[in-house]
Amino acid sequence: MSKDNQILEELTSKEYEHGWSVDYEADEAPAGLNEDIIRWISAKKEEPEWLLDWRLKAFRTWQNMSEPEWANVHYPKVDFQALKYYSAPKQAKKPKNLDEVDPELIAIYERLGISLNEQKRLQGIAVDAVLDSVSVATTFKDTLGKLGIIFCSFSEAVKEHPELVKKYLGSVVPMTDNYYAALNSAVFSDGSFCYIPKGVRCPMELSTYFRINAANTGQFERTLIVADESSYVSYLEGCTAPQRDENQLHAAVVEIYAASHAEVKYSTVQNWFPGDKEGKGGIFNFVTKRGICAGDHSKISWTQVETGSAVTWKYPSCILKGDYSIGEFYSVAVTNNYQQADTGTKMIHIGKNTKSRIVSKGISAGKSQNSYRGQVQVMKRADNARNFSQCDSLLMGDRCGAHTFPYIDINNPTAKVEHEATTSKIGEDQIFYCNQRGIATEDAVALIVNGYAKEVLNQLPMEFAVEAQKLLALTLEGSVG
Amino acid sequence: MLSIKNLHASIEGNEILRGINLEVKAGEVHAIMGPNGSGKSTLASVLAGREEYEVTEGEVIFQGKDLLELAPEDRAREGVFLAFQYPVEIPGVSSTNFLRTALNQVREYRGLEPLDAVKFLSLMKEKMALVEIDQKLLSRSLNEGFSGGEKKRNEIFQMAMLEPTLSILDETDSGLDIDALRIVSNGVNKLKSDKTATIVVTHYQRLLDYIVPDYVHVLYKGRIVKSGTKELALELEEKGYDWIKEEVDSAATV
Ligand SMILES: Nc1ncnc2c1ncn2[C@@H]1O[C@H](COP(=O)(O)OP(=O)(O)OP(=O)(O)O)[C@@H](O)[C@H]1O
Ligand SMILES: [Mg+2]
């Protein structure tokens with residue numbers, strides 16, 4: 001065995017940091033999926049009739065759909081009847097503000113490094129904390145409210161702003177869009193809702209922190225962000241889950257609507273439990289994220305750092321409907337051990353003079369498989385559409401795989417589409433060079449990988465970028481090859 | 001300071017170093033010359049701890065420690081510095097960030113506090129002046145797109161920052177223009193003290209005009225076949241290597 005492989009074997013033993021779980025009394029739906037369960041969830045959440053109907057319609061559609069198999073991932077079939085679709089920590093009464101939230105729940109977030117105490121936050125980041133199926137707290141609501149910004153849990157939005165929810169729900173990701181989106185539409189339990197009124201620049205980062213705690217429970221949250229004319233918001237999403245032997249399902253839907261001259265930046269640092277080093281357990285992350293640049297000169301920018309999950313299936317996309325609208329996708333996807341990721345984006349150019357930019361950096365280590373799948377579609381009307389795609393893959397060791405699947409579909413002769421792709425191996429000579437300057441191998445790998453992913457990390461808000469850098473290093477600990 | 005005894009090393013089963021003996025004392029400058037492929041870079045790599053090379057025989061003692069037992073990063077932290085013949089590019093990592101990581105790991109090893117940003121910057125400024133390197137170069141990705149000469153100058157800048165005890169310069173002169181050769185050599189000279197030692201690998205006398213060696217060695221087929229003072233380099237410049245090769249090769253056939 002070569003020395004490198006030896007190092008590889010010795011060090012691929014990093015532990016998942018957020019693998020703990022907490023016992024609390026929960027309000028759970030019985031396992032199984034049928035119309036009664038959906039009625040049960042809807043009743044639990046005291047939802048209006050139209051929403052129940054919407055869910056049921058989605059469920060009936062889903063029943064006639066089959067699981068997509070085109071992605072380059074392999075996993076045991078999910079038994080949808082064995083899952084529970086709702087689990088919420090029991091609270092004596094509905095908390096009206098942060099002071100009334102069960103301190104035990106606040107402690108869970110403290111332990112994850114997320115402070116829900118507004119005074120403790122130095123920089124303004126408003127957080128909506130979602131635990132299993134429900135939102136437990138949203139911070140800075142009053143501050144934001146003064147500007148007319150609505151930032152609350154999805155359930156609350158249904159109650160307080162039904163007209164907005166009704167107008168935009170399913171407008172970007174129709175319930176029939178795909179298998180997991182249909183499932184989510186039927187059973188989604190909570191998530192975040194955000195509305196930025198005309199001309200308002202949101203003064204702080206808005207963020208949702210998802211935590212799965214309960215066992216055998218699927219998490220199906222829904223996020224809806226609406227940016228009205230000439231508004232701006234930067235939105236962050238973080239997530240973790242306990243370490244469990246069985247796989248858990250996470251099937252979220254995120255919808256973004258940008259009116260004319262509006263700009264939305266959506267950043268994710270995904271750190272779901274990836275399974276252990278033998279490939280046991282881990283989250284199946286099947287997420288549908290899509291934004292529509294509905295108005296002229298609008299812009300939507302996705303940035304994602306994907307480090308966790310056993311299987312990831314995720315393609316944050318932009319529909320560039322408004323003239324001069326811009327879509328961006330910046331992604332770092334790291335896979336180690338037995339992780340599998342099939343991720344990328346879709347840029348659909350409909351409006352004239354629309355522009356899109358794709359920067360994807362894949363990093364594979366261990367026995368993992370990492371695929372980029374991207375589609376650039378230019379419609380007939382989209383004069384002067386521009387796309388630039390850069391897809392890089394970095395391999396560590398010789399047992400992992402990197403794959404690139406670009407699809408380009410152009411229906412307008414004035415379009416300009418550029419695609420660049422590279423594959424490289426992390427160089428032994430790069431590591432040795434660092435070693436020779438006194439840098440330990442682990443730190444050398446972190447340095448090289450962060451350098452490789454820099455263009456994407458630079459897109460993240462400062463605080464998040466630091467966390468993402470650490471996470472990259474942690475995920476790859478010991479995977480030198 | 002450095003004592004190499006009967007060092008044999010091979011790569012992929014090919015023996016490249018076949019019994020090197022060399023003593024380097026503090027305050028000395030040793031030049032190693034020799035034809036292409038004779039094993040000069042191999043010797044430098046083995047001293048720095050490159051893992052592709054297998055040491056099959058011999059020992060290397062550096063300041064009382066068995067150098068061959070140490071991991072490459074620990075050798076560096078103990079004060080061994082190698083200016084590479086072909087410096088490596090690391091995209092996305094600025095020289096500044098790279099050096100700060102390196103310097104602080106070296107300091108930690110030596111039980112020193114990490115340098116804060118202010119102190120680090122003022123140290124950078126001081127050393128930048130020493131090798132006349134441009135700030136702009138240091139904010140770019142390490143060595144990426146650097147010209148040959150810029151890479152070499154950056155190696156010496158790193159050496160200045162890390163203040164090693166033993167510096168091994170592998171053909172640092174190649175790629176440097178006439179002015180750069182003088183500037184870089186002056187930098188190396190200023191870093192010398194009676195507590196440090198330098199090994200310069202070179203093909204040309206002109207570097208030795210600036211960095212004057214106490215000893216000159218000729219490496220051929222993995223052995224030091226001739227040693228002398230700085231006059232030996234002048235003789236080689238004039239006569240080439242053939243006469244030494246002949247001497248060695250005829251001795252071997254007898
Ligand atoms: N993997 C390998 N397998 C076989 N031989 C190798 C291998 N790597 C290096 N060598 C050989 O080792 C010998 C010594 O190389 P080295 O780089 O040390 O020479 P050098 O003296 O530094 O030459 P130069 O003056 O050209 O820099 C060369 O003949 C080279 O081809
Ligand atoms: Mg050489």
Side-chain angles (χ1 to χ4, degrees), chain A residues 1-8 10-11 305 330 332 359 361-363 390 392-394 420 422-460 465-466 468-470 472-473 480-481, chain B residues 12 44-45 47-54 70-110 140-144 151 154-155 157-159 161-164 167-168 170:
Chain A
M1 193 165 58
S2 83
K3 187 117 186 202
D4 295 324
N5 279 339
Q6 214 171 314
I7 299 175
L8 199 82
E10 279 168 20
L11 294 168
V305 176
Y330 295 94
V332 179
V359 178
K361 303 269 182 178
I363 304 165
Q390 170 83 49
D392 298 328
S393 309
L394 186 69
E420 284 176 18
T422 66
T423 301
S424 52
K425 265 196 136 180
I426 192 158
E428 257 158 52
D429 42 356
Q430 288 177 326
I431 293 174
F432 180 66
Y433 189 82
C434 294
N435 286 160
Q436 212 303 305
R437 299 302 184 246
I439 301 172
T441 299
E442 293 290 271
D443 301 296
V445 170
L447 203 66
I448 295 164
V449 165
N450 279 313
Y452 164 80
K454 192 174 174 190
E455 203 184 338
V456 175
L457 298 177
N458 277 350
Q459 298 295 325
L460 291 172
V466 175
Q469 279 189 13
K470 282 192 209 138
L472 283 186
V480 193
Chain B
E12 290 167 13
S45 298
L47 292 177
R50 187 142 199 157
E51 274 153 16
E52 286 93 318
Y53 296 95
E54 194 192 348
L70 297 175
E73 60 270 29
D74 287 340
R75 298 183 195 196
R77 295 163 182 174
E78 288 285 344
V80 176
F81 181 91
L82 171 60
F84 286 78
Q85 182 174 2
Y86 304 107
V88 178
E89 304 188 353
I90 306 186
V93 178
S94 69
S95 284
T96 313
N97 186 14
F98 175 76
L99 270 174
R100 190 154 178 218
T101 309
L103 189 64
N104 282 336
Q105 293 210 0
V106 169
R107 289 178 66 90
E108 190 185 338
Y109 182 83
R110 296 178 185 166
R140 276 166 55 182
S141 288
L142 183 61
N143 289 329
E144 197 183 31
K151 284 183 184 170
N154 189 29
E155 291 292 286
F157 170 68
Q158 292 182 22
M159 171 180 153
M161 287 294 291
L162 295 169
E163 299 179 335
S167 305
I168 306 163
D170 192 356

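Order of the sequence lines fixes the chain letters, A, B, ..., with proteins taken first and strands second; residue numbering starts at 1 for each chain.
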message: I'd like to check B:Leu99 versus A:Arg437 (side-chain heavy atoms, cut-off strictly below 4.5 Å). Are they in contact?
response: no

task: Counting only heavy atoms closer than 4.5 Å, note whether B:Pro164 contacts chain A via side chain, backbone, both or neither.
output: neither

field: Pairwise side-chain contact, A:Leu447 with B:Thr101, heavy-atom cut-off 4.5 Å (strictly under)
entry: yes

message: Would you say that B:Phe84 contacts A:Gln436 through its side chain, given a criterion of any heavy-atom pair below 4.5 Å between the two side chains?
response: yes

query: Would B:Arg50 and A:Asp429 satisfy side chain to side chain contact (heavy atoms under 4.5 Å, CB included), going step by step from the backbone distance to the final call?
result: CA-CA 9 Å; B:Arg50 187 142 199 157; A:Asp429 42 356; 3.5 Å; yes

- request: Find out whether B:Pro91 and A:Glu455 are in side-chain contact, i.e. whether some heavy atom of one side chain is under 4.5 Å from a heavy atom of the other.
  value: no

- request: Return the minimal non-hydrogen interatomic distance between B:Ala76 and A:Asn435, and the atom names on each side.
  value: CB-O, 3.7 Å

message: Looking at every non-hydrogen atom in both residues, tell me the closest pair between A:Phe432 and B:Gly49 and how far apart they are.
response: CE1-C, 3.6 Å

task: Quick one: which of A:Asp443, A:Ile448, A:Asn450 has the most heavy-atom pairs under 4.5 Å with chain B, could you say?
output: A:Asp443

Among the listed options B:Glu73, B:Glu78, B:Glu52, B:Met159, the residue most often paired with chain A at heavy-atom distances under 4.5 Å: B:Glu73

query: How are the rings of B:Phe98 and A:Tyr433 set to each other: parallel, tilted or perpendicular (split at 30° and 60°)?
result: parallel

field: B:Leu162 versus chain A, the contacting section by heavy-atom distance below 4.5 Å
entry: side chain

